[in-house]
Number of protein chains: 2
Amino acid sequence: MPDTAPAPSTRDRLIQTAMKLFWEKGYGSTSVADLLQAAGVNSGSLYHFFPGKQDVLLAVLDAYRDGIGPMLLAPAWQGVDDPIERVFALLARYRLGIVQTDCGYACPIGSLALEIHEPDPPVRKALAANFNAWTDAIEACLVAAGPRLPRSLDRRELARFVLTTMEGGVMQARTHRDVAYFDSSVRQLRLYFDHLEREAADKPSRAKAPRKRPTSRGTK
Amino acid sequence: MPDTAPAPSTRDRLIQTAMKLFWEKGYGSTSVADLLQAAGVNSGSLYHFFPGKQDVLLAVLDAYRDGIGPMLLAPAWQGVDDPIERVFALLARYRLGIVQTDCGYACPIGSLALEIHEPDPPVRKALAANFNAWTDAIEACLVAAGPRLPRSLDRRELARFVLTTMEGGVMQARTHRDVAYFDSSVRQLRLYFDHLEREAADKPSRAKAPRKRPTSRGTK
DNA sequence: GCATGACTTGATTGATCGTTCAACCAAGTC
DNA sequence: GACTTGGTTGAACGATCAATCAAGTCATGC
């Protein structure tokens, strides 16, 4: 099997090209003509598959969401099993994106979320679904961390805080054209996690076995 | 003295109107025609004062920066003296903006920072200057907190983290149309601060006077 | 062989975009 | 009372925008 790419359909080509262009230039700054040219498609074909530009955006947002697992988490977590280290491995993945784009990186979801000021309900929901998929994955890590985090700690809330850290860090790194601003936020988040782990270790969950911290720390 | 508003000049009117429109609708989605109509100005006048639309943006960004003190910090900090509480009073101010706009609020700087994907250098610098003004103010609070925070803690880094928390929280609250997402991030930041203060209290600064926490929570 | 339906083609539409420009106005200045 | 200066007016321009549509292609079923 020489090629694994079985000639993507016109529709898929449009979506994939739009994923790239919306990410690079934003939704409003990507004209339909840009998309058509980059995808090698005529306008009639686009409007055969999609009622309008916004429907392309919806398809793109669905594709982003579906890609979070295979395209983002899978490579980020390769060889990383410790659930807490997975949180920071994901953030490290974003850091990689930042340096690789010379600090031009922006989270496509975050960018679109702030760019679209009066989003139609379906667009807003699609953006929210992306954030949910992201935080759900992090929340699963935090739940898997079990007694290493304080019992009373709201895992879902902390997961949202991790997303906050990523988005805020990316935004500042981009604006200042300096990864250091991203690193600052991640480092502070790490310090917070350290405190949480210490707190959990000091006063263990309940009457359960007061076992020590897991020895395999897993990070580099 | 019946009126304190001395009939703003055309230029000022343009800038103030643009501040409002760019904030509400974004830069790209605000057409020059929108701006002209809202400000009650003819196109020729705009181009008499500004070479182009982007120069209006630059003036707006400068105005934002100059307004951080009097328009944002002053009301947020009214009656709040404790430096750490000031940090959270500012965040509470943003919360107010969120609920008042029915979760439609977006930080104008953050929005613009993510909307403008390939900013000309002056625009990028103006955005960065806004972020700097913001974090400088927070950093001053954290420095003023003195021994209540760990000696080794990098105040500037934590200040950036506070900005990160605000931007990420605003972004999620807006996307989900639910303040709870903002509250989540702020609450986590508060927990982090609690840990930091406890750490600083446990192992006081150095061999200095092991004095207790300052009794008067008021700083200034 | 021919009708059907899915898909493609690309010129074209009308709206809107940022910007330009010649004419105009009012208050000083000589 | 002519000249200058700083500002205003609003029609107009070309570019670009998202969207349309009549005509064409092509595989399939009958």
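Worth saying up front: this structure is predicted, and the values here are computed from it rather than measured.
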A.B. asks: Select base, sugar-phosphate, or nothing to describe what B/S31 touches, counting heavy atoms under 4.0 Å on all strands.
C.D. replies: sugar-phosphate

A.B. asks: Please figure out whether B/F49 or A/S43 has its closest DNA chain D nucleotide nearer the 5' end.
C.D. replies: B/F49

A.B. asks: Expressed as a whole number of angstroms, how long is the span from B/Q37:CD to D/dT9:C1'?
C.D. replies: 16 Å

A.B. asks: Should A/R190 and A/E85 be marked as a salt bridge (Lys or Arg N to Asp or Glu O under 4.0 Å) after you check the CA-CA gap, both sets of side-chain angles, and the distance that decides it?
C.D. replies: CA-CA 10 Å; A/R190 172 67 94 172; A/E85 291 315 310; 2.8 Å; yes

A.B. asks: Let me know the distance between CG of A/L46 and C1' of D/dC21, rounded to the nearest Å.
C.D. replies: 15 Å

A.B. asks: Under 4.0 Å from any heavy atom of chain A: name the first and the last nucleotide of DNA chain C that qualifies, 5' to 3'.
C.D. replies: C/dC7 to C/dA11

A.B. asks: With a distance cut-off below 6.0 Å to the six-membered ring centre and an angular limit of 45° from the axis, does B/K53 pair with B/Y47 as a cation-pi contact?
C.D. replies: no

A.B. asks: Can we say B/D194 and B/R187 salt-bridge, meaning some charged N sits less than 4.0 Å from an Asp/Glu carboxylate O?
C.D. replies: no

A.B. asks: Between A/D34 and A/S31, is any side-chain donor less than 3.5 angstrom from a side-chain acceptor?
C.D. replies: yes

A.B. asks: Heavy atoms under 4.0 Å, any strand shown: does A/V32 hit a base, just sugar-phosphate, or nothing?
C.D. replies: sugar-phosphate

A.B. asks: Is any side-chain nitrogen or oxygen of B/N42 closer than 4.0 Å to OP1 or OP2 of D/dT8?
C.D. replies: no

A.B. asks: Does a donor on one side chain and an acceptor on the other come within less than 3.5 Å for B/S184 and A/R160?
C.D. replies: yes

A.B. asks: Whole-Å distance between D/dG6 C1' and B/R11 CZ?
C.D. replies: 14 Å

A.B. asks: Is B/H117 reaching over with its side chain to a backbone N or O of B/E115, donor-acceptor style, under 3.5 angstrom?
C.D. replies: yes

A.B. asks: What do you reckon, are the aromatic ring centroids of B/F161 and A/F161 less than 6.0 Å apart?
C.D. replies: yes

A.B. asks: Please report the shortest heavy-atom distance between B/L21 and B/L35, naming the atom on each side.
C.D. replies: CD1-CA, 3.7 Å

A.B. asks: Between atom NE2 in B/H48 and atom P in D/dG6, what is the gap in whole Å?
C.D. replies: 8 Å

A.B. asks: When the axes are fitted on five pairs at both termini, how much does the helix from C/dG1-D/dC30 to C/dC30-D/dG1 curve, in 10° steps?
C.D. replies: 20°

A.B. asks: A/Y47 side chain N/O closer than 4.0 Å to the phosphate oxygens (OP1, OP2) of D/dT20?
C.D. replies: no

A.B. asks: Looking at A/G26, is its backbone amide N or carbonyl O close enough to the side chain of A/S29 to form a donor-acceptor pair, meaning the two atoms are under 3.5 Å apart?
C.D. replies: no

A.B. asks: Looking across every strand, which nucleic acid part, if any, lies under 4.0 Å from A/T30 by heavy atom: base, sugar-phosphate, or nothing?
C.D. replies: sugar-phosphate

